[in-house]
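We're numbering straight along the sequence, starting at 1.
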Amino acid sequence: MQKLVCFTLGLVLFEACASTPQQNIDPPNIVVIICDDLGYADVGFNGSTDITTPAIDELATGGTVFSSAYVAHPFCGPSRAGLLTGRYPHSFGSQFNIPANSEDQGYGIPLSEKFLSEELQEAGYYTGIVGKWHLGANAQFHPNERGFNDFYGFLGGGHDYFPEKYQAAYKRQKEAGVKKIFDYLKPLERNGVDQRETEYITDALSREAARFVADASKKDKPFFLYLAYNAPHSPLQAKEEDLAKFSHIQDKKRKTYAAMVYAVDRGVQRLVDQLKASGEYENTLIVFLSDNGGKLKLGANNYPLKRGKGSTSEGGYRVPMFFHWPNQVKSGVTYSHPVSALDFYPTFVHLAQSTIAKDEPLDGKNIWEGITTNTSARPGEMIYVMRHWPGYSDVGARMDDWKILKQDEEPWKLYNVQTDLSENIDLTAGNKERLKTMVERAELWSQTHAEPLWFDPESLREDWSEKEMAEFHGVFEID
């Protein structure tokens, strides 16, 4: 008998379900591998022809690929906040990236938000994070205070890749008395203690991920690893031997970007090798995705999606993704129904054979049954995105095969993104009632948003009001 708890608000704006799976399956180890600014078409399993990713592709082929996977926001910080809380970042004032060097302001994801890592800890998991945090640099927001037993990485939104260079720059600034040294130059840390790294950062993070698995496998409990690579996020910095593998790419940015993605793939192979060596591979769910769309000006390719990082077009927040778990997740399958990274929270808690308290208003939902039966986990339900600009907001929302889009202060448009991934054909004319209904639901969703706790850029603070912006600029008016 499965225990099922669901939460709904309004027109099925939010639904989160946590259920107890069949008891004959042990709770799996869970490994989430998230890349930073990886383009939709920049891995082999999603169509890349010039970037080779053999380790990632082997996992994808052995698992289920999600062709309509979305994240909660088209920028890094809010996207990651959504993944780890199971809630849209707008609902708790985190709809902007936390600015660099924000320690003086004390910015961080509110402590009232219970992280997925905390939930899994309570379910008996040993938890670790390797890589990028970007959810608060002050002590109270530290990963070790948000449900992670083990942390190796950096607290800011990015980092330089070569230690001999960033360590020298950090030392110069320190000796010169610079009070605020840029986050990208600061030492990496292990559980709050600065470390003197010696490896190219992507390789270092892969090393630490393998180390975590080796350590965790000796404990009498399942583990959760959040492996948050900062590659291929800027700065574009790659090892010479990796660049040499892409001599066929003429564009310098694209070549460097490709080499950075290849380094991630090498790390994924190292992680898989360690899982096998530790005897944990067969009972480990591996999830791979990007935190948002690729940045086109820095070498990414989001084909066939329109635009890229920061956009509410598909290229901004529709990402490559797969699930791999031998004998539990079907291999060689493409799941075409829409899913969200918000769904990880309730789905992982379900697999952990735990339940979610009723007072936790999650926006994601347990999609496990949909995955295992290859049926839609959210028929008739919406997945939203909103990005704010000075003076106006861009909004997108998908329901089943349909998507509404409000962008660049232009009228609302309606697309069938199952057949028109590039959002080229506006179908509003013959579907005005559908457009109207979806816009109304998006407006209701927007009314649940909280005022931002910080701004990026800071200049937005001067005349900001979520409600006034929406009403004054007519975001939800239909021409």
Side-chain angles (χ1 to χ4, degrees), residues 31 33-63 65 130-132 153 158-166 184 188 197-211 227-277 286 288-305 308-309 319-322 324:
V31 174
I33 304 170
I34 184 168
C35 290
D36 203 341
D37 295 0
L38 178 68
Y40 189 76
D42 288 332
V43 282
F45 76 84
N46 243 30
S48 176
T49 58
D50 58 347
I51 300 178
T52 51
T53 53
I56 293 171
D57 296 345
E58 184 174 353
L59 289 173
T61 301
V65 173
V130 173
K132 172 174 170 174
H159 210 283
D160 277 26
Y161 289 81
F162 290 103
E164 64 272 21
K165 294 182 178 179
Y166 71 72
Y184 285 40
L188 273 66
E197 185 54 69
T198 59
E199 292 190 78
Y200 178 71
I201 277 194
T202 303
D203 291 339
L205 300 183
S206 301
R207 177 199 73 221
E208 291 297 318
R211 187 268 312 163
L227 174 52
Y229 285 111
N230 55 312
H233 190 289
S234 61
L236 294 179
Q237 298 172 351
K239 298 170 70 173
E240 288 298 327
E241 55 263 44
D242 291 339
L243 287 167
K245 294 182 181 295
F246 297 94
S247 58
H248 58 283
I249 300 179
Q250 299 302 309
D251 181 85
K252 184 177 180 181
K253 288 183 179 179
R254 179 67 176 172
K255 179 188 291 186
T256 306
Y257 174 96
M260 295 170 75
V261 174
Y262 185 78
V264 169
D265 188 77
R266 178 172 60 245
V268 170
Q269 185 61 61
R270 183 171 183 175
L271 176 62
V272 168
D273 289 345
Q274 184 61 60
L275 285 166
K276 291 179 178 178
I286 301 175
F288 177 91
L289 77 160
S290 178
D291 64 346
N292 47 246
K295 195 167 185 175
L296 301 179
K297 293 182 180 179
L298 292 178
N301 177 14
N302 295 317
Y303 181 83
L305 309 182
K309 176 180 180 177
V319 298
M321 190 175 97
F322 67 73
H324 177 281

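Interatomic distance, Lys295 NZ to Lys253 NZ, rounded to the nearest 0.5 Å: 9.5 Å. Atoms OG and CD1, from Ser206 and Ile201 in turn, are 11.5 Å apart once rounded to the nearest 0.5 Å. Here the straight-line distance linking atom CG of Leu205 with atom CG of Leu271 works out to 12.0 Å at 0.5 Å rounding. One finds the OH atom of Tyr161 at 15.0 Å from the CD atom of Glu199 (value rounded to the nearest 0.5 Å). Remark: Thr202 OG1 to Asn230 CG distance equals 5.5 Å, nearest 0.5 Å. Rounding to the nearest 0.5 Å places CG of Leu38 at 13.5 Å from CE of Met321.
For Glu240, the CD atom is loosely surrounded, since the number of other residues' heavy atoms within 6.0 Å does not exceed 12.
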Check against side-chain contact (heavy atoms from CB on, under 4.5 Å), Leu227 and Val268: CA-CA 10 Å; Leu227 174 52; Val268 170; 5.9 Å; no

Verdict with reasoning, Val261 to Asp265, per side-chain contact (heavy atoms from CB on, under 4.5 Å): CA-CA 6 Å; Val261 174; Asp265 188 77; 5.8 Å; no

Salt bridge (Lys or Arg N to Asp or Glu O under 4.0 Å) between Arg207 and Glu197, intermediate numbers included: CA-CA 11 Å; Arg207 177 199 73 221; Glu197 185 54 69; 2.9 Å; yes

Full working for salt bridge (Lys or Arg N to Asp or Glu O under 4.0 Å) between Lys309 and Asp37: CA-CA 7 Å; Lys309 176 180 180 177; Asp37 295 0; 2.9 Å; yes

side-chain contact (heavy atoms from CB on, under 4.5 Å) evaluation trace for Leu236 with Lys252: CA-CA 10 Å; Leu236 294 179; Lys252 184 177 180 181; over 6 Å; no

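One N or O on the side chain of His159 and one on the backbone of Tyr184 form a donor-acceptor pair closer than 3.5 Å. Distance alone, capped at 3.5 Å, is enough to place a donor-acceptor pair between the Ser48 side chain and the Ile51 backbone. Side chain of Ser290 to main chain of Val319: no donor-acceptor pair is present (N/O by atom type, distance under 3.5 Å, no hydrogens or angles). Side chain of Asp42 to main chain of Asn301: a donor-acceptor pair is present (N/O by atom type, distance under 3.5 Å, no hydrogens or angles). Of the possible polar contacts, none joining the Asp160 side chain to the Phe162 backbone as a donor-acceptor pair under 3.5 Å is found.
Taking Glu208 as the reference, Arg190, Arg211 meet the salt bridge (charged side-chain N to carboxylate O under 4.0 Å, His left out) condition, with sequence neighbours excluded. Checked against side chain to side chain donor-acceptor pair (under 3.5 Å), Asp273 has the following partners two or more places apart in sequence or in another chain: Gln269. Residues satisfying the ring pair (Phe, Tyr, Trp, His ring centres under 6.0 Å) test with His233, not counting sequence neighbours, are none. By the side chain to side chain donor-acceptor pair (under 3.5 Å) test, Asp242 pairs with Arg266, sequence neighbours left out. In this structure Tyr229 satisfies the ring pair (Phe, Tyr, Trp, His ring centres under 6.0 Å) test with no other residue, sequence neighbours excluded. Checked against ring pair (Phe, Tyr, Trp, His ring centres under 6.0 Å), Tyr303 has no partners two or more places apart in sequence or in another chain. Listed by chain and number, the residues in a side-chain contact (heavy atoms from CB on, under 4.5 Å) with Ser234 are Leu298 (sequence neighbours excluded). Listed by chain and residue number, Ser278 satisfy the side chain to side chain donor-acceptor pair (under 3.5 Å) test with Gln274 (two or more places apart in sequence, or in another chain). In terms of the salt bridge (charged side-chain N to carboxylate O under 4.0 Å, His left out) criterion, residue partners of Asp50 (sequence neighbours excluded) are, by chain and number, Arg254. In this view, Ala238 and Tyr200, Leu243, Thr256, Ala259, Met260 satisfy the side-chain contact (heavy atoms from CB on, under 4.5 Å) rule, not counting sequence neighbours. For Phe288, the ring pair (Phe, Tyr, Trp, His ring centres under 6.0 Å) criterion is met by Phe322, not counting sequence neighbours.
A heavy-atom distance below 4.5 Å is not found between the side chains of Thr53 and Phe45.
Across Cys35 and Val264, no two heavy atoms sit closer than the pair SG-CG1, 3.8 Å. Nearest heavy-atom pair, Gly308 versus Asn302, reported as atom, atom and distance to 0.1 Å: CA-ND2, 3.3 Å.
By the 4.0 Å N-to-carboxylate-O rule, Lys132 lies close enough to Asp36 to be salt-bridged with it.
Among pairs with a residue in residues 249-276, those fulfilling ring-ring contact (aromatic ring centres under 6.0 Å, His included) read Phe246-Tyr262, at least two apart in sequence or across chains.
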